[in-house]
Amino acid sequence: MTDLAARLSAIDSRIADAAHRAGRDPADITRIVVTKFHPASLVRELHALGVREAGENRQQELSAKQGELAELTDLRWHFIGQAQTNKAGAIRRSADAVHSVDRDRLADALHRAADDDQLLDVLVQINLTDDAGRGGVAPGDAETLAEHVLTLPSLRLRGVMAVAPLDEEPASAFARLRDVADRVRAVEPSATWISAGMTGDYAEAIAAGATHLRIGSAITGPRPDRG
Ligand SMILES: *Cc1c(COP(=O)(O)O)cnc(C)c1O
């Protein structure tokens with residue numbers, strides 16, 4: 001077994017353990033492998049190991065890898081980074097889901113970029129910090145943004161996404177996210193995704209109800225030097 005295969009299966013058993021501890025079915029949890037800064041060849045290896053969900057946080061890197069691996073038609077790409085409105089078209093062409101919709105204008109731009117009947121899955125990103133400069137909408141504004149997304153017929157509102165703040169216990173941050181998720185689900189009952197949990201806090205995210213984990217370095221190994 002390669003190191004990559006060993007890390008992937010180790011993380012998957014830890015995810016299953018955390019799910020069982022939380023009284024949840026591991027089958028209800030989607031593990032997205034975040035491949036940022038790693039070459040397309042690593043994504044290809046992951047695909048050969050059964051990975052079907054990959055995450056990227058920069059548009060150019062997403063577009064390049066998706067283009068290079070276009071023949072892997074069952075691989076789903078998740079865009080998880082802050083998005084500039086003028087990159088919305090490029091993001092839409094490469095991504096199957098965008099986790100980081102944090103303002104009306106970005107939702108509008110993603111909608112305008114639709115060029116076929118395919119719906120784009122989107123999540124409203126929630127800022128769990130006190131720093132308004134971080135990505136995400138304030139928790140109190142989540143429903144208003146969700147309602148706006150629902151007016152855009154080429155977008156399918158799936159739920160909410162967040163990154164836990166560095167200066168807070170992830171469990172308490174994810175409990176707040178859970179509240180926001182419940183409120184968004186009251187607006188749109190099919191918006192059931194909670195995208196939360198990274199290498200350092202996925203067990204806490206699972207305990208708080210996360211449905212989509214975004215795990216990078218624990219699976220891929222350390223990210224290569226960006227130079
Ligand atoms: C990089 C990144 C991740 C994965 O981080 P790891 O700590 O390597 O698991 C998850 N979510 C977002 C938004 C990221 O940018």
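Just follow the structure's listing: the first ligand is 1, and inside any ligand the first atom is 1.
- Under a 4.0 Å criterion applied to the non-hydrogen atoms of Thr199, ligand 1 contributes the atoms 6 (P), 7 (O), 8 (O), 9 (O).
- No donor-acceptor distance shorter than 3.5 angstrom exists from the side chain of Lys36 to the backbone of Gly216, with no hydrogens or angles considered.
- Distances from atom 14 (C) of ligand 1 to the heavy atoms of Lys36, Met198, Arg214 show the closest one on Lys36.
- Among all protein heavy atoms, the one lying closest to atom 13 (C) of ligand 1 is Ile80 O, 3.5 Å.
- Ligand 1 has a nitrogen or oxygen under 3.5 angstrom from a nitrogen or oxygen of Gly216.
- Interface atoms of ligand 1 facing Ser217, defined by a heavy-atom separation under 4.0 Å, are 6 (P), 7 (O), 8 (O), 9 (O).
- Across Ala210 and Leu213, no two heavy atoms sit closer than the pair CB-CD2, 4.0 Å.
- A donor-acceptor contact under 3.5 angstrom links the side chains of His148 and Asp108, judged on distance only.
- Ionic pairing of Arg178 and Asp182 is present here: one or more N-O contacts between side-chain nitrogen and carboxylate oxygen are shorter than 4.0 angstrom.
- Of the options Leu123, Val163, Ile80, a side-chain contact (heavy atoms from CB on, under 4.5 Å) to Ser195 is made by Leu123 and by none of the others.
- Distances below 4.0 Å separate heavy atoms of Ile215 from the following atoms of ligand 1: 9 (O).
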